[in-house]
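Naming convention: chains lettered A, B, ... in sequence-line order (proteins, then strands); numbering from 1 in each chain. Keep in mind that this is a model prediction, so the values were computed, not measured.
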Protein chains: 2
Amino acid sequence: MRGYDKYAHEPFAVTVDLAVLTVRAGALHVLLVERGQEPYAGRWALPGGFLLPDESAETAARRELAEETGLDALPGLRLEQLRTYSEPGRDPRMRVVSVAFTALLADPPEPRGGGDAAQARWLPCTAAGTLAFDHDRILADARERVRALLENTGAATAFCPPEFTLGELRQVYETVWDTPLDAANFRRKALAVPGFVAPVPGAARLTQGRGKPAALYRAGPATALHPPLLRPPREGRTP
Amino acid sequence: MRGYDKYAHEPFAVTVDLAVLTVRAGALHVLLVERGQEPYAGRWALPGGFLLPDESAETAARRELAEETGLDALPGLRLEQLRTYSEPGRDPRMRVVSVAFTALLADPPEPRGGGDAAQARWLPCTAAGTLAFDHDRILADARERVRALLENTGAATAFCPPEFTLGELRQVYETVWDTPLDAANFRRKALAVPGFVAPVPGAARLTQGRGKPAALYRAGPATALHPPLLRPPREGRTP
DNA sequence: CGATTAATGGTCTTCTTGACCATAAAGGGT
DNA sequence: ACCCTTTATGGTCAAGAAGACCATTAATCG
């Protein structure tokens, strides 16, 4: 149909859901809340909430993120619109259309519990188990999206502190892709992408435990990676 | 906020908008309708409409597409969810959240005019001019999405008839990317991607005008292209 | 028939990638 | 203090991929 006027338009509730990810202890973690009310009381779910009347979905997502993590608008926070989920019946109470977002954080604080939720916590994605609503699906889509983002954009730096070593950046890739990478080759490729990372000029160095101190880098201005950092192909060719 | 119950949820109108693209006469065309009613009466717009109470956005998009083009569910029709647009004020009448989709068609029929719209037509993207609402933005996003789809997925075959020559496939890439490609190198790369295209066994051939007859291919089973077909980098390196 | 056009197959050179090796520079343990 | 482990960094080498071209084939157009 071409116009907005011919058919009566049903009202829908519109929400945002957030897959907020971070890399912690070599594993991808997601911010989850334990629902305090029916339906799905006691189950873990992605944080989210209703759009306010004058908000865009992006604005609502940033507001929800600030509320959940206690962080106010982080400068340069990457917030990716993931997908919109609109299947009838995805919320047993009413018709809800939800716009899902992915956010990538480095060194986030522990979320403040309370509010509607019984608690809020960072949990490893592998331990997420069965989430409320269709949030398992959303989380799976978010993980796949992030894997692709690391290939084609500089998003990996969002998982790192403002200054980071190439070893830390490589660990982000290894964690998200779940693949070991050759340190020397990764360095060569990362440095070959214009605008991906920029060395911190003041010969700065940092020791993170054992081993030789590493040079520090900052995120570069590039949003798209040319050439992309392709993840190694999985086994199973077509010979 | 963590629950769906604490705050009153405002009702929103939810629509789908469709950027239906096809390659015709060496140019990317988009299906547009001329609005018959205010606002934006007389202006071209993307086809779209309201979700029905029991429809998912995908279902609504397919229904709208069938209504606009007169085509019933095409087998294997590619329908990509593009993005959701939710800025307040994007529709002057009321708060509308719109889920945008991209569809790729080969040899589509002329759309039937009528309905709410004054007329419906295929127009070259370059001649789209200024569309109603925020549809210029949606169309621009759709074009960029399709450019990326050709790199990483087998979506280009959706612009081709069921059996096609590699020359036709290459013209799709050249049109969408707006870049000339070397015929021999394109062939080598396309055939090297497992599952991208499969030769039609019966030594079938087809002549499309002048030149040597070309072998026919069908779309292969691959959804993701490994390795991807990267578009040639634009000028402007960092030497 | 000869010119033109498009498909297809090959070559050649350059670049990229992955696998590895070597060295440097720190910490830990004895 | 000394050796071992760990991580960073630089370099090599061979295999593969990509872009630039050339040659041949097989149609249509004039």
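Scored by the salt bridge (charged side-chain N to carboxylate O under 4.0 Å, His left out) test, B:Arg231 finds B:Glu144, B:Glu151 as partners (sequence neighbours excluded). Residues forming a ring-ring contact (aromatic ring centres under 6.0 Å, His included) with B:Tyr217 (at least two apart in sequence, or on another chain): none. Among residues two or more places apart in sequence or in another chain, the side-chain hydrogen bond (donor to acceptor under 3.5 Å, both in side chains) test is passed with B:Asn152 by none. Under the side-chain hydrogen bond (donor to acceptor under 3.5 Å, both in side chains) criterion, B:Thr84 pairs with A:Thr84, not counting sequence neighbours. Residues satisfying the salt bridge (charged side-chain N to carboxylate O under 4.0 Å, His left out) criterion with A:Arg187, sequence neighbours excluded, are absent altogether. The salt bridge (charged side-chain N to carboxylate O under 4.0 Å, His left out) check on B:Glu87 picks up nothing, with sequence neighbours excluded. Partners of B:Arg170 by salt bridge (charged side-chain N to carboxylate O under 4.0 Å, His left out), not counting sequence neighbours, listed by chain and number: B:Glu174.
Atoms CZ (B:Phe164) and P (C:dA7) sit 13 Å apart, rounded to a whole Å. Computed from coordinates, the B:Glu168 CD to C:dT5 P distance equals 19 Å when rounded to whole Å. One can place CZ of A:Arg210 at 11 Å from P of C:dG27, the figure rounded to the nearest angstrom. When rounded to the nearest whole Å, the span between OH of B:Tyr173 and P of D:dG19 equals 13 Å. We find that OH of B:Tyr217 is positioned 11 Å from P of C:dA7, with the value rounded to whole Å. Protein atom CD of B:Gln171 is 14 Å distant from nucleotide atom P of C:dT5, rounded to whole Å. As a whole-Å value, the separation of B:Phe186 CZ from D:dA17 C1' is 16 Å. Atom CZ in B:Arg187 sits roughly 11 Å away from atom P in C:dG10 (whole-Å rounding).
For the pair A:Arg188 and A:Phe186, the cation does not sit on the ring face, since its NZ or CZ is not both under 6.0 Å from the ring centre and inside 45° of the axis.
Nearest to the side-chain atoms of A:Ala214 among the listed nucleotides D:dT9, C:dT8, C:dA26 stands D:dT9. When distances are taken from the side chain of B:Arg170 to each of C:dA26, C:dA7, C:dT8, the shortest belongs to C:dA7.
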Can you pull every protein N or O that's under 3.5 Å from an N or O on nucleotides 20-22 of chain D?
from   : atom 1 : to       : atom 2 : distance (Å)
D:dA20 : N7     : B:Asn185 : ND2    : 2.9
D:dA20 : N6     : B:Asn185 : OD1    : 3.3
D:dA20 : N6     : B:Arg188 : NH2    : 3.3

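Taking the charged nitrogens against the carboxylate oxygens, B:Glu34 and B:Arg43 have no contact shorter than 4.0 Å, which rules out a salt bridge.
Defining each end axis of the helix from C:dC1-D:dG30 to C:dT30-D:dA1 as the rotation carrying four pairs' C1' atoms onto the next four, with five pairs an end, the two axes are found to diverge by 10° to 10 degrees.
Checking the phosphate oxygens (OP1, OP2) of D:dG19, a side-chain nitrogen or oxygen of B:Lys189 falls inside 4.0 Å.
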